[in-house]
Amino acid sequence: MYRKKECVAMLLAGGRGSRLYVLTKKVAKPAVPFGGKYRIIDFPLSNCVNSGIDTVGVLTQYEPHVLNAYIGSGQTWDLDRLRGGVYVLPPYESKKTEWYKGTANAIYQNIQFLEDYDPEYVLILSGDHIYKMDYNKMLQQHKETGADATIAVLDVPLSEASRFGIMNCKPDGTIYEFEEKPKEPKSTLASMGIYIFTWKKLKEYLINDEANEQSSNDFGKDIIPAMLNNGEKLVSYRFKGYWKDVGTIESLWEANMDLLSPNSGLQLSDDSWKIYGRTTGSPPHFTSKQAKVTHTLLSEGCEIYGDVSESVLFSDVKIGKGAKVEYSILMPGAVVEEGATVRYSIVAEKAVIAKGAEVGGSPSDSDVDNWGVAVVAEGVRIGSGAKLAAKEMADKDLPDVK
């Protein structure tokens, strides 16, 4: 029996991330690299430890190998604890063997893990959002209001509200209605997919939901509506700060570019709220006399001989002589050879852009409506002289142009 914990976090990290296409062909979405030295999952894990929550279950499912290896013992986030710490929780064989059917079912299958810590409260998190948040402030509000569930909400523009689950609230913040992606939203308070539940209450609803064969076993579609219908006390927690769901190619690119903007609200240099990530142990980055680097994040191990601007470069990236990279994200070990051009693109780990190849293009090069970020998958080689246009994706090698 473990020592009792006031609050245990459960981090949902099993999503396929299908809208990231080739970037999640071999890794789960939370393991996708971000910001030059991190992976997406570093943000919720760092938020937990900064908020004083030292027991975290990470629920994995799709392509978990990279994510499992990355989390390891949790030492990176100071979560290698004797009592508590971080635990990887994949689906496992029991009396009834099955994958996680939905977000609620994933927690249901791990009721025993939670019971071992006998928590008063459970914090449910998503593993694919970029933000900094003090969960302890949300927990204090949950306790002060006597809520059965507290749901973090973000005020979004009315024009975008139809993309989210919308919480309609009374003046005191009490939620009286939930609308899933309404065509005509009544408010602009969007659910962030971050919940705090009183554990005894949540356990009851998880068991009832699992017994309902018509349920989709989802928090937003089933658990939250059921609690509202039964008159449970649900309260909103208003978050004011940077938050982005990086579930699409465009949003992932935008969030990385936000790191280059001093006014975006996404700052990683704040010592009072650090985001922790594993280091590679690579040597310091190197820029030659011929290199020209402007407004770019460089990580350890980079070697730059060409021109780079408005970009985010991860560890061990190589840029050859005469190469040009702008408004792009180059993930660990990516190589851009001599004379190649990369613009408005995401180049995944260990991909190679060969001599004279061209990847991506700016919005002015084509119809803006049809423009998009070009993406090169992990380990793919774009052959010498080959071209990959804006919005195109390469998950296989492109041959040299002769």
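Basis for what follows: all heavy atoms, side chains included, without hydrogens, waters or symmetry-related copies.
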Salt-bridge test for [X] and [Y]: reply yes if a basic N is under 4.0 Å from a carboxylate O, no otherwise.
| X | Y | result |
| --- | --- | --- |
| Lys5 | Asp54 | yes |
| Lys143 | Glu6 | yes |
| Arg381 | Asp397 | no |
| Glu300 | Lys37 | no |
| Glu358 | Arg343 | no |

What pair of heavy atoms forms the shortest contact from [X] to [Y], and how long is it?
| X | Y | answer |
| --- | --- | --- |
| Tyr135 | Ile194 | CE2-CG2, 4.5 Å |
| Ser299 | Ser315 | CB-N, 3.6 Å |
| Asp245 | Asp128 | OD1-O, 3.8 Å |
| Ala161 | Pro185 | CB-CG, 3.7 Å |
| Thr296 | Ser311 | CG2-O, 3.1 Å |

>> According to ring-ring contact (aromatic ring centres under 6.0 Å, His included), does anything in residues 317-341 pair up with another residue at least two apart or in another chain? List the pairs.
In response: Tyr327-Tyr344
Mind checking whether [X] and [Y] have side chains closer than 4.5 Å, heavy atoms only?
| X | Y | value |
| --- | --- | --- |
| Leu206 | Glu210 | no |
| Thr188 | Ile166 | no |
| Asn110 | Tyr87 | no |
| Ile346 | Met331 | yes |

Are more than 12 heavy atoms from other residues, nucleotides or ligands located less than 6.0 Å from atom [atom1] of [X]?
| X | atom1 | answer |
| --- | --- | --- |
| Lys200 | NZ | no |
| Gln75 | CD | no |
| Lys387 | NZ | no |

> In Å and rounded to the nearest 0.5 Å, what is the CD1 to CG distance from Ile223 to Asn217?
Replying inline: 8.0 Å
>> Tell me which one of Lys4, Lys203, Lys201 satisfies salt bridge (charged side-chain N to carboxylate O under 4.0 Å, His left out) with Glu120.
In response: Lys4
>> With side chain to side chain donor-acceptor pair (under 3.5 Å) as the criterion, how do Asp218 and Thr103 come out once you've worked through the C-alpha distance, each side chain's angles and the decisive distance to 0.1 Å?
In response: CA-CA 5 Å; Asp218 183 82; Thr103 54; 3.2 Å; yes
> When you look at Phe197 and Phe219, which way does the ring-ring contact (aromatic ring centres under 6.0 Å, His included) test go after all the steps?
Replying inline: CA-CA 11 Å; Phe197 293 93; Phe219 276 101; 5.5 Å; yes
>> Over 60° means perpendicular and under 30° means parallel, so tell me whether Tyr121 and His142 are parallel, tilted or perpendicular.
In response: perpendicular
>> Holding to ring-ring contact (aromatic ring centres under 6.0 Å, His included), I want the full list of residues that pass it with Tyr305, two or more places apart in sequence or in another chain.
In response: Phe286
> Which one of Phe43, Tyr70, Tyr38 satisfies the ring-ring contact (aromatic ring centres under 6.0 Å, His included) criterion with Trp77?
Replying inline: Tyr70
